[in-house]
Every structure is written in structure tokens, then in C-alpha cells.
Amino acid sequence: MTGEPVTDSDIRRDRARFIHGLPKAELHLHIEGTLEPEMMFALATRNGISLPYADVEAVRRAYVFDDLQSFLDVYYAGCAVLVTERDFYELTAAYLRRAAAQGVSHAEIFFDPQTHTDRGIPFDTVVTGICRALEDGQRRWSITWRLILCFLRHLSADAAMTTLEQALPFRNLIAAVGLDSSELGHPPSAFEAVFRRAREEGLLAVAHAGEEGPPEYIWEALEQLHVRRIDHGVRCWEDRLLVDRLLADRVPLTVCPLSNVKLGVFPDLAHHNLATLLRHGLRVTVNSDDPAYFGGYVADNMVAVAEALALDRGEIVQLARNSFLASFLDEAVKRERLSEVDHAATQGGWTAPQIPPARSSAG
Ligand code: ADE
Ligand code: ZN
């Protein structure tokens, strides 16, 4: 002990170190959303594709979004540079390297096959490239993984069924199906048949709901798609009966704070309802969604939200525990991972946050 006063910046640094050191599972991560501008340019050059941006800085400047759709337009355009199995391998390997540095020890990764098959890229190319990298990542970084196939909800239910059929030869590589893309006007109920078929094949289910869409979409995802988790789900707070249902069934919410601010779901992090949901007892997890577009990977999201909402140490540890509790890991492995969290939580130097929230966390 030097007797020097502890400054806010000491506390911030210790809290960030503590968060990075906690083992975490990432449960809401679109692999296509990890395409950093540098890689976008390198792949465009390699594949002879022209981009509507002069350079990497121009790409970053273009990442200002009004809402989910304005982001999706940019995100789908960026996917055009992904062509070969090597491209999908390198994209996934680059994510895993970053995830390891952020303390991720388990990743459940979304991919959007229709974004690629609709451009003539074979399903096989996409899934093989991603899975080879995941296997190498498990060997190199000890990051266990599950793969989740997302149907694009702005396309038809028939197109989703065709995609599921294309996926069945790779059934052993895929843990679950999900539902993403433009939420408003595309309710989960439209996809009931394809989710039923997926469940008959032994696949688990998740769905984006309650990001921009109303609480009714969360009800539909639960009742009609039989999902195990809700991706985002932050609008559940508008419906007390729904909150009670999520609590009673311990349905996890894979919340993505930086994404929610970038896409205008909340005006800023200080107004995010994550702390409210967590303190109410919901099984909230923190995730990065599309980190190359939203400015941070999973630990960055936790650090930002912990600071903006004055989460205490116990709440941060709860978020890390929730990430494994909400995962699709086997129960025995889950228990091991939870004890790793508890062990890491006893090691950190950070004792308590002294920094008041920037604003009240109401909402
Ligand atoms: N696809 C990629 N990111 C998404 C998000 N945040 N919501 C819906 N679809 C997505
Ligand atoms: Zn998402």
C-alpha cells in the first residue's frame, strides 16, 4: 500500500481488468458482423470485388445508423467480399483470436447462410470454412463452440425451409436454428413450420425478438417457435405478464448493449434497461452482436455497461455466470465453467465501483 489516493481512472482500469479476466460465454454473435474494415478491404482485393468506400477510414465513417434496417443494408453489402472457404475460415479465426483476448471460453455463433447462398456461394463452403476455424480455435484457444443457423426473416418461410434442407447433411455441426434480420413486419409466427421441422431434427431454437419489435413477438417466439433463449428481448419490460413468464421459466435474454445504442433502441447506455432487467432477476447475458460495426467485443460491452449503469462486482460476476447458465453446453461442463468464473472472481483486485452512473438507469 502506497497510501496514494485511488483515482477514478485506477478504478476504471481495475474494473476493465477484472471483466477481461472473468471467463465468459458469448451467445449472440453474428460471424458476418465480425468483418472488420481492414479484412473487408483485404478480401475485396483478393476476390476482385469493388467496394463503395475509398479506404478503411471511410468505411468506419459510414458506420452511423438510424435503426436496424439502416445497419442491415450496410452489413449485407459488406458480406459480398466473403466468397471462398478460406474467407470464411479467416473471418472466424480472426474473431476467435479477439474473443480469446476478451476472456471468451465458449462461443455460440450465428451464421446467415441465405446471405451467401443467394449470391451463389455453396452452403458447404460457408459451413466448412467456419467450422474448420472453430475446431482450430478450440485447439489453439480452448474456446468451445456451438453453431446456430439463422433464417433471414425478411425472406419467405419457404426459403427458410429450403435452407434447413440444405443444412441437414451438416446436422452434426449445427446445434440450433435462429431468426434474424429485419424484425418489424416479420413476426416469428410466420416461421412456425420451419422451426417445428428443425426441432424434429433435434435442433434447439432461439430467435431475435423484442429488439425493435413489440413484446408480442417475444410471446410468439416462446409459444410458437419454442425457443430456449430470446436474442435481445429488451422490449419485454413493456409487458409485465411477459416478464413474469421469462422469470418463471428462466428464459435467458442475450442482450447487446453497444448494438442497442448504435441502432437507436436506447438513446445511450445510461438509459439502457439491462441493470433493471438483471436486478429484477431475469437471466440477462451481455453480448456483442456485430462487434466490427458497433465498436466493441464482449468484454468491451461489459465494461461499458458496468460503468454506465454502475453495476457492482456481484452483478458483473452474475452476468458471467448467466452466460454459461444460458449456454447450450452439457450440464457437467456448465458446472466446470461456473466454478472457473467463481475462482476468477476471487482473484481480481477490484473491490467495488466508486463511480456513480452518468445518469439514472430508469427504464
Ligand atoms: N443480423 C445481424 N445483426 C442483427 C441484429 N442486431 N438484429 C437482427 N438481425 C441481425
Ligand atoms: Zn443479433
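One-based numbering along the sequence shown. Numbering of ligands and ligand atoms starts at 1, following listing order.
You'll find the ring centres of F294 and F71 inside the 6.0 Å limit.
Taking the Zn ion (ligand 2) as the apex, the angle formed with OD1 of D289 and NE2 of H30 is 90°, to the nearest 10 degrees.
The shortest side-chain heavy-atom distance between N47 and D87 falls under the 4.5 Å cut-off. N287 places none of its side-chain heavy atoms less than 4.5 Å from the side chain of L29.
The nearest N/O/S atom of H28 to the Zn ion (ligand 2) is NE2.
Among the backbone and side-chain atoms of C256, none of the N, O or S atoms lies under 2.8 Å from the Zn ion (ligand 2). In summary, no N, O or S atom of D231 is located under 2.8 Å from the Zn ion (ligand 2). Inclusion of H208 in the first shell of the Zn ion (ligand 2) is supported: an N, O or S atom falls under 2.8 Å.
Note on E216 versus R235: no salt bridge recorded, every NZ/NE/NH1/NH2 to OD/OE distance being 4.0 Å or above.
Using modelled atom types and a 3.5 Å distance limit, the side chains of E32 and T115 yield no donor-acceptor pair.
Sorted by first and then second residue, the pairs that involve residues 108-137 and meet salt bridge (charged side-chain N to carboxylate O under 4.0 Å, His left out), not counting sequence neighbours, are E85-R132, E108-R229, D136-R139.
Between H116 and the options F123, F111, F88, Y76, a ring-ring contact (aromatic ring centres under 6.0 Å, His included) holds for only F88.
Within 4.0 Å of ligand 1, protein heavy atoms come from H30, L68, F71, L72, Y75, D180, S181, H208, E211, H232, D289, D290.
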**Request:** Test side chain to side chain donor-acceptor pair (under 3.5 Å) on S70 and D67 and set out the steps.
**Result:** CA-CA 6 Å; S70 65; D67 55 15; 3.1 Å; yes
